Amino acid sequence: QVQLVESGGGLVQAGGSLRLSCSASGRTSSSTDMGWFRQAPGKERDFVARISWSGATTTYAASVKGRFTISRDNGKNTVYLQMNSLKPEDTAVYYCAAAVIPTGPFRYWGQGTQVTVSS
């Protein structure tokens with residue numbers, strides 16, 4: 001199994017920046033793609049970004065493309081989400097996720113970290 005723990009959430013003003021971190025532990029050799037999802041109050045959980053094992057391939061939701069950057073440091077078993085030009089609509093609980101095969105479904109999930117963007 002893989003355990004994921006997010007950190008770095010908090011309160012930020014619109015237009016500001018925030019960096020989220022996701023620390024992976026356990027059977028990390030079984031994980032490949034990593035991703036970030038978010039769930040706003042009263043909404044379904046939505047895809048935010050995905051990154052391949054090597055980091056060569058990244059995918060973003062249209063709503064965050066150009067503002068958010070996903071990256072990873074496999075030596076530290078850590079995935080990051082750099083969020084710039086934050087908007088109030090970015091307010092959500094952000095979840096880290098891991099897949100066990102390239103391009104496969106996300107199987108492991110973190111507990112989430114709250115991001116609140118004030119206007």
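Remember, it's a predicted structure, so these values are computed and weren't measured experimentally.
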Within this structure, what is the NZ-OG1 distance for the pair Lys65 and Thr59, rounded to the nearest 0.5 Å? 8.0 Å
Filter on side-chain hydrogen bond (donor to acceptor under 3.5 Å, both in side chains), then keep only pairs touching residues 47-56, sequence neighbours left out; what's left? Asp33-Arg50
What is the minimum heavy-atom distance between [X] and [Y], and which atoms define it?
X     : Y     : answer
Val79 : Arg72 : CG2-CB, 4.0 Å
Ala49 : Leu81 : CB-CD1, 4.3 Å
Ala24 : Leu4  : CB-CD2, 3.6 Å
Thr69 : Tyr60 : CA-OH, 3.3 Å

Counting N and O atoms only, with roles assigned by atom type, does the side chain of Glu6 sit under 3.5 Å from a partner on the main chain of Gln111, one being a donor and the other an acceptor? yes
N/O donor-acceptor pair under 3.5 Å between Ser63 side chain and Ala61 backbone: no
Can Thr57 and Ile51 be said to form a side chain to side chain contact (heavy atoms under 4.5 Å, CB included), step by step? CA-CA 6 Å; Thr57 302; Ile51 187 169; over 6 Å; no
Contacts of Asn84 meeting side chain to side chain contact (heavy atoms under 4.5 Å, CB included) (sequence neighbours excluded), chain-then-number -> Ser17, Gln82
From Ser21, Cys22, Ser23, residue fulfilling side-chain contact (heavy atoms from CB on, under 4.5 Å) relative to Ser7: Ser21
Regarding Gln39 and Glu44, do their side chains bring together a donor and an acceptor under 3.5 Å, going by distance alone? no
When you check the side-chain N and O atoms of Glu89 and Thr91, is any donor under 3.5 Å from an acceptor? no
Taking only distance into account, with no hydrogens and no angle test, what donor-acceptor pairs under 3.5 Å do side-chain atoms of residues 94-106 form with protein atoms, sequence neighbours excluded?
{"unit_1": "Tyr94", "atom_1": "OH", "unit_2": "Arg38", "atom_2": "NH1", "d": "2.9"}
{"unit_1": "Tyr94", "atom_1": "OH", "unit_2": "Asp90", "atom_2": "O", "d": "2.7"}

Could you walk me through whether Phe47 and Trp36 pass the ring-ring contact (aromatic ring centres under 6.0 Å, His included) check? CA-CA 7 Å; Phe47 168 78; Trp36 288 94; over 10 Å; no
Side-chain heavy atoms under 4.5 angstrom apart, residues restricted to Ile, Leu, Val, Met, Phe, Trp, Tyr: same cluster for Val48 and Ile70? yes
For side chain to side chain contact (heavy atoms under 4.5 Å, CB included), just list the numbers for Leu86 and Phe68, CA-CA rounded to whole Å, side-chain angles, deciding distance to a tenth of an Å, and then say yes or no. CA-CA 9 Å; Leu86 283 163; Phe68 291 10; 3.8 Å; yes
